**Student:** 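One structure follows; several queries about it will come next.
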Amino acid sequence: MENINTFLKTKKHEEFSWNNLGNIKEGRGDLGEEMPVIVYRLMQYTMLDILSKAHGLERANEYFRRAGFLAGTEFAKNILDLKADFNTFIANLQKALQDLKIGVLRMEDFDPDTGDIVLTVAQDLDCSGLPITYENVCVYDEGFIAGILEAYTGKKYSVREVDCWASGDRVCRFNGTVMCFL
């Protein structure tokens, strides 16, 4: 027990790196890379509950948004071709999200002059099938999408969910706006 306590006291938190995800195929053996959505949601919503009780819902949501941003940035850098033309990039993003069973992405609108974008995600990992609470709950996704867009464009994005399964819609709709700094 003393060795474990010494280890815990001396082990420093490392910044997130894609390599920290490990070799899932090797480590999970017979269980494989996939798991039920309920396990993902169990972790997500219990984490949100604990953070909300400790810091308030607004701050907890901001933590989730920031975590989503980091995940989206790393996802884009490690999974997507950031040098592809825009249409190819979006097609590759759609395929990656569907292959990884995150959701079915559709681009509804894009303004090439401003960079503003409207995306929908159907069958969203975070919320599709949740009870209707009349609120938008996909703050992690907001950050995830913002991170992907910034990694691709080099521009800072503010992404907000405007429709959600939990609010009574059947897709999650996100507005992405390039942030202008004067």
Side-chain angles (χ1 to χ4, degrees), residues 1-22 24 27-28 31-79 96-97 100-105 117-151 156-177 179:
M1 184 69 167
E2 187 174 318
N3 289 339
I4 292 172
N5 289 334
T6 302
F7 171 79
L8 292 174
K9 288 178 185 175
T10 59
K11 179 77 173 141
K12 293 184 180 179
H13 171 75
E14 296 178 21
E15 281 192 31
F16 176 79
S17 162
W18 192 259
N19 292 331
N20 293 133
L21 299 177
I24 298 168
R28 300 253 315 154
L31 292 178
E33 296 180 80
E34 295 183 17
M35 67 172 193
V37 172
I38 196 167
V39 176
Y40 169 82
R41 288 188 184 173
L42 183 63
M43 182 190 67
Q44 178 183 19
Y45 287 109
T46 56
M47 182 74 68
L48 182 60
D49 181 66
I50 297 300
L51 288 172
S52 295
K53 287 175 181 169
H55 303 286
L57 182 59
E58 189 174 321
R59 191 165 210 189
N61 281 339
E62 185 53 34
Y63 289 144
F64 265 67
R65 199 173 283 116
R66 288 168 50 190
F69 179 85
L70 177 58
T73 301
E74 292 299 315
F75 178 87
K77 289 179 185 176
N78 288 279
I79 300 291
L97 294 179
L100 293 170
K101 300 181 181 182
I102 294 170
V104 180
L105 179 74
I117 192 166
V118 178
L119 302 168
T120 62
V121 179
Q123 301 178 50
D124 188 291
L125 178 62
D126 287 350
C127 73
S128 293
L130 288 179
I132 295 175
T133 60
Y134 302 102
E135 59 188 336
N136 296 341
V137 299
C138 299
V139 293
Y140 182 88
D141 290 353
E142 291 173 345
F144 188 74
I145 294 167
I148 291 169
L149 293 173
E150 183 174 324
K156 293 214 176 283
Y157 270 82
S158 172
V159 175
R160 290 300 179 260
E161 185 180 36
V162 294
D163 296 314
C164 181
W165 183 287
S167 70
D169 291 288
R170 289 300 171 250
V171 296
C172 297
R173 183 169 286 105
F174 299 90
N175 289 344
T177 306
M179 297 173 63

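Throughout, numbering of the chain's residues begins at 1 and tracks the sequence. Every value quoted in this text rests on a predicted model; they were computed, and no experiment measured them. Note: hydrogens, waters and symmetry copies are ignored here, and every other heavy atom, side chains too, is used.
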**Student:** Any chance you could measure Leu119, atom CG, to Ile117, atom CD1, to the nearest 0.5 Å?
**Tutor:** 4.0 Å
**Student:** To the nearest 0.5 Å, tell me how far Tyr140 OH sits from Gln44 CD.
**Tutor:**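 Spacing of OH (Tyr140) from CD (Gln44) equals 8.5 Å.
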**Student:** For Arg66, look at atom CZ and say whether over 12 heavy atoms of other residues, nucleotides or ligands are found less than 6.0 Å away.
**Tutor:** no
**Student:** Would you find more than 12 non-hydrogen atoms of other residues, nucleotides or ligands less than 6.0 Å from Leu31 atom CG?
**Tutor:** yes
**Student:** Give the intermediate values and the outcome of side-chain contact (heavy atoms from CB on, under 4.5 Å) for residues Phe64 and Met47.
**Tutor:** CA-CA 9 Å; Phe64 265 67; Met47 182 74 68; 4.0 Å; yes
**Student:** Quick check: closest heavy atoms across Ile148 and Gly72, and the distance to 0.1 Å?
**Tutor:** CG1-O, 3.4 Å
**Student:** Does Trp18 use its side chain to pair, donor to acceptor, with the backbone of Glu74 at less than 3.5 Å?
**Tutor:** no
**Student:** Report the residues that fulfil side-chain hydrogen bond (donor to acceptor under 3.5 Å, both in side chains) with Asp126, sequence neighbours left out, ordered by chain and then residue number.
**Tutor:** Tyr40
**Student:** Heavy-atom count check: over 12 atoms from other residues, nucleotides or ligands less than 6.0 Å from Arg59 CZ?
**Tutor:**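 Open.
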**Student:** Quick one: CG on Asn175 to CD on Glu142, what's the gap to the nearest 0.5 Å?
**Tutor:** 10.0 Å
**Student:** Hey, does the side chain of Arg170 reach the backbone of Ser128 with a donor-acceptor pair shorter than 3.5 angstrom?
**Tutor:** no
**Student:** Apply side-chain contact (heavy atoms from CB on, under 4.5 Å) to Phe174 and Asp141, showing your working.
**Tutor:** CA-CA 9 Å; Phe174 299 90; Asp141 290 353; 3.6 Å; yes
**Student:** For the side chain of Asn20 and the backbone of Ser17, is there at least one donor-acceptor N/O pair under 3.5 Å apart?
**Tutor:** yes
**Student:** Output the distance between atom OG1 (Thr46) and atom CD1 (Ile50), rounded to the nearest 0.5 Å.
**Tutor:** 7.0 Å
**Student:** Taking all atoms of both residues into account, what is the closest heavy-atom pair of Ser158 and Met179, and its distance?
**Tutor:** N-CG, 3.6 Å
**Student:** Please confirm whether the backbone N or O of Asp163 pairs with a side-chain atom of Ser167, one donor and one acceptor, at under 3.5 Å?
**Tutor:**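 Checking the backbone N and O of Asp163 against the side chain of Ser167, no donor-acceptor pair under 3.5 Å is found.
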**Student:** Between the main-chain N or O of Glu161 and the side-chain N or O of Asn136, is there a donor-acceptor pair closer than 3.5 Å?
**Tutor:** yes
**Student:** Charged N to carboxylate O under 4.0 angstrom, Arg65 versus Glu62?
**Tutor:** yes
**Student:** For a quick test of reading the model, state the closest non-hydrogen atom pair linking Gly147 to Thr73 and the distance between them.
**Tutor:**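 Nearest pair, atom of Gly147 first, then Thr73: CA-OG1, 3.5 Å.
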